2 protein chains.
Amino acid sequence: MENKVIQERLAALRAAMKREGIDFYMMPTADFHNSEYVNDYFKVREYFCNFSGSNGTLLVWQEGAGLWTDGRYFIQAEKELTGTTVELFRMQDEGVPTILEFLQQNMQQGQTLGFDGRVVPMSQGMNYEKKLEGVSFAYEQDLAEAIWTDRPKFPAGKVTVLDEKLAGMSFEEKREEVMKKAGEEGADSLLLTKLDDIMWLFNIRGCDVECNPVAMSYAWLTKEATVLFIQGQALGQEVKAYLAEKQVEVREYGTAVDYLKNLPSGRKVLMDKRHCSYALYKTVAEKQAVVEKNNPTELLKAVKNPTELANMEQIYLKDSVALTKFIYWLKTNIGKQEITEISAADKLEALRREIPECIDLSFPSISAYGANAAMMHYEPTPESYAVLKPEGLYLIDSGGQYLGGTTDVTRTIALGPVTEEQKLHYTMVAAAMLQMTNACFLYGCTGRNLDILARQPIWNMALDYKCGTGHGVGYILNVHEGPQSLRWRYVEGQTESLIEAGMDVTNEPGIYIEGSHGIRIENVMVAENDTKNEYGQFMHFKTLTWVLIDMEAIEMKHLNEVQKGYLAAYQQEVCRKISPYLTPEEAEWLKKATEC
Amino acid sequence: MENKVIQERLAALRAAMKREGIDFYMMPTADFHNSEYVNDYFKVREYFCNFSGSNGTLLVWQEGAGLWTDGRYFIQAEKELTGTTVELFRMQDEGVPTILEFLQQNMQQGQTLGFDGRVVPMSQGMNYEKKLEGVSFAYEQDLAEAIWTDRPKFPAGKVTVLDEKLAGMSFEEKREEVMKKAGEEGADSLLLTKLDDIMWLFNIRGCDVECNPVAMSYAWLTKEATVLFIQGQALGQEVKAYLAEKQVEVREYGTAVDYLKNLPSGRKVLMDKRHCSYALYKTVAEKQAVVEKNNPTELLKAVKNPTELANMEQIYLKDSVALTKFIYWLKTNIGKQEITEISAADKLEALRREIPECIDLSFPSISAYGANAAMMHYEPTPESYAVLKPEGLYLIDSGGQYLGGTTDVTRTIALGPVTEEQKLHYTMVAAAMLQMTNACFLYGCTGRNLDILARQPIWNMALDYKCGTGHGVGYILNVHEGPQSLRWRYVEGQTESLIEAGMDVTNEPGIYIEGSHGIRIENVMVAENDTKNEYGQFMHFKTLTWVLIDMEAIEMKHLNEVQKGYLAAYQQEVCRKISPYLTPEEAEWLKKATEC
């Protein structure tokens, strides 16, 4: 089936490229701040190829077009690209070139690569400069501007102040820590461009990106001054007063580039090449010395403070109660009333919104029945969704934004009879998740040391999940945050983050069988110190998520006794912690449902 | 107790330093080729501080002296440094500076750091140049020369040719591969300085380093020519004829520096900064462009070819038979005759030497009874050794050099009653080794991904072994070789080697309790390809070592059912493979001894 709309958009783009003398035009998935999720205003790549996943780069040239995305999205991308003429490049698959390799192979000397320099990170731009000799860059234009006539408005949602009782640390304390770290890196000033970093530092929140409580902004910090570039229309009286009290100089968002251009030279500016845009880097580097280091905010933000941890523990419990009630509802109503992927997600959202601290979802729910769940980041739409039947497996990956924390949890639920293969897969995913839960390790480990604890039961079956086992989670902020992660692949030159006490991380192994089923079980855990002795500081994880594992999809014979022990301990704790918040009927059901 | 001899040597060194204007003098453990084990001629560090371990750097200044060594040697170093006035710096312990950090903290602007530039790798020298601003280097003198009057002679043992039937690949084939890789790295020539690399490439062997069948040499390779710098007195007619036939230009070992100095400029020389000496680097870099890359020999040598693998399998079986016979002998004779750490090691050596292919040991045996085994690299001497008693644990870590392979194996043996704690520790070490043995993983893993499989049962007890889990093993070459290893610690910027099919690696977890006991169980394994599917290339290890685990030190109740399964499978295979080569009495004993 032809997708004429996309083909026409591509034709318009190619015409614009010809006019501008651009041979290859690249469209990544990013806003001006390298946010992981982007506001609709920035969805240029989707506009030109129809692929709606959260990660992908579209490359267009006169004779063709290619979309690069990662393993989570292969199935989804294949579907969405149908009829668009855009070819799918499966990242990390054997023999598939990276975009850079593709450009090296296909661009001629003297040709021009075009991209909007505001949506490409400086690291990538600098790397391309080095690796694409003889190629010119046209990075000061957004070719979509003229073609995308019904483009959504630039976002400017209301900004709020996060109470210090929730933040656990004042802006002044955070600023001092951040500037100390910047100084240790040899910088006298700091340009913050990543939105969650800025929100965290100033103890403010916005709503400019779906599910991410962030506001479009830049921050410029020196020893003497703090400048926050933010849209004036987004600030109410309360925020203005708060920022004034904190001696923050507020300037209009759109003036940041000019301000930086006009700074006196001689500064040593710390910039994070992973997040700062190539265009902004070019502006600053013209007159200032650039210290390329990770944002000092990143690690400080990732290690949750005691106030944050205490709030998270409470909020995760409430969130777990909501999900438990949802599972009960689903199990008792399936087959009796029509439930769709959308109405199921809505039901869970309603249960979450009953929690007084709830402000939003933390990401669009992945509500996926049967084969849909094999698409790791599937999202039902009013045009395309499945009706749940009293058989097989249903996966829901969802989370809430609460005044007290950001949650992220996945459960896969048997709606009725499931096949032996599905039981085997479900049981092994549960074993994988529980093995990671029970990790005991020395301080000094990174996610690459631990990942195999989860992956082992799945590798043993010659299966794999094509993503990491876990990622950091923000606090009333973005659901994906670094630098911590649980992954296994070695990337030469890539810095790894040690697992620090207080870091939270998801634990979400899975099995995805195209056309059949998808299983993922996801908890959030916090790293904690354990015994310290002559061998070092031992550590373990403390679980925050307490939602039953579905015994109707477990086949005990596939578990060894250690795994059985882990399962029983977890289920028992779920029952103990959650029951007090349930109705008598729900509590009785949970008691039975958690028996191993 | 004072060690006057060492104190006098240090005084003489300090006097020489004063004369030469050297403020700090550094003595690492290396020969001119950065060999891991060094010929006695090079044991300057031991001469000046009495510490005899295989890794350590001595730093001397007017007011003091310090020895840096790693966790394997803490206990041994403490003992050997007694009375020498040399302070022990426990590498990687919290708060202990590295040598470089120590120099940064203690050296003043304008001071001079002295070292023999021939025994310091270029990477280290270059790093020190960068990090020690304002400090001068005096690297063209060996201060030991004048003080160490009874220094052993420079080694020049007989060189032999390794038959192509054993090597599996001709010199010409290897040279072609090596030069191809060098070309891919942008080099037109290659300076090889690491002795096992040179031996491997030329299919020759020597005997200039204890247990390492290598000859003092350098190799210089260009597209047109191959020059081998080697001591003429070490070459017999057969080797000369072989090298002549292979069109290798043979030059005297001592002329290498002059030859390199006098090369016409304009070369792009590949040099490995980890192994090439700082002095040699300075010589070459004066006139040539240096391409700093890993020796292309390294990876080619580490991935064993089919001939090598087939020979190794045979030789490891024979070696395992010798060790099995030794254990039988020990178990049946302990308490009946005097057996010492030395006579036990001699007995095993004699059994090995009965194997027709045996040429030497592959390293000095670690034969350690009781608390001595807590010193990871303990070696009994005629002056200091223990007598074995019919109780407790005895550890022997040993190996042979055979025409067919190099072996490395450790077993810890119960000589009679052992404590409950010792049984627990032994059982968990066995579990650790077996868990690694049974690893199943995707291609792309490095040792850092897998290490936790072995370490987990030990970390679970809040214990650790302060070394890697495994290292590569040479083929009729050095018992430790890279780049493969099984380790967990993250070192920023350190390159990791992917585990390739055909790479061999030891698997040797342990538990070491100072003053009480030491346990290590070590097998050698080879990585092999398994299923290949849409998820990638799955891999597993094939074990080469088949020597029983001592059931008299195993307490089954500490093992989970998976570990029990691994143990039973291994023991059964030991019995099946080894029995045919035993006497009826030995075979009967083995049958019982391997029952779980």
Side-chain angles (χ1 to χ4, degrees), chain A residues 71 74 90 92-94 435 438-453 455-466 487-499 511-514 530-540 559-565, chain B residues 71 74 90 92-94 435 438-453 455-466 487-499 511-514 530-540 559-565:
Chain A
F74 291 169
R90 296 156 191 267
Q92 290 194 329
D93 263 16
E94 227 180 299
Q435 286 192 176
N438 288 278
C440 165
F441 53 100
L442 266 177
Y443 177 75
C445 276
T446 75
R448 282 195 54 237
N449 295 114
L450 305 186
D451 186 88
I452 200 168
L453 296 179
R455 220 167 284 262
Q456 196 187 26
I458 292 166
W459 279 359
N460 279 341
M461 297 188 291
L463 297 174
D464 189 32
Y465 45 101
K466 293 188 170 182
R487 323 192 143 261
W488 71 274
R489 272 194 197 277
Y490 172 63
V491 180
E492 201 175 325
Q494 191 170 78
T495 306
E496 296 175 34
S497 165
L498 303 193
I499 299 171
I511 292 178
Y512 307 92
I513 307 296
E514 190 174 344
D530 205 311
T531 313
K532 186 174 181 173
N533 62 22
E534 65 202 284
Y535 300 106
Q537 174 69 60
F538 285 89
M539 303 183 76
H540 64 251
L559 296 177
N560 65 49
E561 61 191 341
V562 179
Q563 295 162 342
K564 281 179 192 162
Chain B
F74 290 168
R90 295 155 192 265
Q92 289 193 330
D93 263 16
E94 226 181 298
Q435 287 192 173
N438 288 278
C440 166
F441 53 100
L442 266 178
Y443 177 75
C445 278
T446 75
R448 283 193 54 239
N449 294 113
L450 305 185
D451 188 89
I452 200 168
L453 297 179
R455 221 167 284 261
Q456 194 186 28
I458 293 166
W459 279 358
N460 279 341
M461 298 188 292
L463 296 174
D464 189 32
Y465 45 101
K466 293 188 171 184
R487 325 192 143 262
W488 72 273
R489 271 192 198 278
Y490 172 62
V491 180
E492 201 175 323
Q494 193 170 79
T495 307
E496 296 175 35
S497 166
L498 302 194
I499 298 171
I511 292 179
Y512 308 92
I513 306 295
E514 191 174 343
D530 206 312
T531 313
K532 186 174 181 174
N533 61 21
E534 63 200 285
Y535 301 105
Q537 175 67 62
F538 284 89
M539 303 185 74
H540 65 250
L559 296 177
N560 64 49
E561 61 190 340
V562 179
Q563 295 162 342
K564 280 178 192 164

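Protein chains get the first letters and strands the later ones, always in sequence-line order, with residue 1 at the start of each. Quick caveat: nothing in here was measured; it's all calculated off a predicted structure. Worth knowing before you read on, the calculation uses all heavy atoms, side chains too, and leaves out hydrogens, waters and symmetry mates.
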- Query: How about R489(B) and Q92(B): do any of their side-chain heavy atoms sit closer than 4.5 Å?
  - Reply: yes
- Side chain, backbone, both or neither: which part of E496(B) has an atom under 4.5 Å from a heavy atom of chain A? both
- Roughly how far, to the nearest 0.5 Å, is CD of E534(B) from CD of E514(A)? 8.0 Å
- Note on the structure: Between the OH atom in Y535(B) and the CD1 atom in I511(A), the distance rounded to the nearest 0.5 Å is 8.0 Å
- Query: Where do V562(B) and N438(B) land on the side chain to side chain contact (heavy atoms under 4.5 Å, CB included) test, with the steps shown first?
  - Reply: CA-CA 10 Å; V562(B) 179; N438(B) 288 278; over 6 Å; no
- Who wins among D93(B), L442(B), L453(B) for the most heavy-atom pairs under 4.5 Å with chain A? L442(B)
- Query: Which residues pass the side-chain hydrogen bond (donor to acceptor under 3.5 Å, both in side chains) test with D464(A), sequence neighbours left out?
  - Reply: R455(A), W459(A)
- May I ask you to decide whether E94(B) forms a salt bridge with K532(A), counting only side-chain N to carboxylate O separations under 4.0 Å? yes
- Task: Just give me the residue among I452(B), N560(B), N449(B) that pairs up with chain A most often, heavy atom to heavy atom, under 4.5 Å.
- Result: N449(B)
- Query: With chain A, which of C440(B), G565(B), A462(B), G71(B) has the greatest number of heavy-atom pairs at distances under 4.5 Å?
  - Reply: A462(B)
- Item | Part of E492(A) lying under 4.5 Å from any heavy atom of chain B | side chain
- Query: Checking F441(A) against chain B: side chain, backbone, both or neither under 4.5 Å from a heavy atom?
  - Reply: both
- At a heavy-atom separation under 4.5 Å, does F74(A) approach chain B through its side chain, its backbone, both, or neither? neither
- Non-hydrogen atoms of chain B under 4.5 Å away: do they reach the side chain of L463(A), the backbone, both or neither? both
- Task: Could you look at E561(A) and say if it's the side chain, the backbone, both or neither that has a heavy atom under 4.5 Å from chain B?
- Result: both
- By side-chain hydrogen bond (donor to acceptor under 3.5 Å, both in side chains), which residues pair with N460(A), not counting sequence neighbours? none
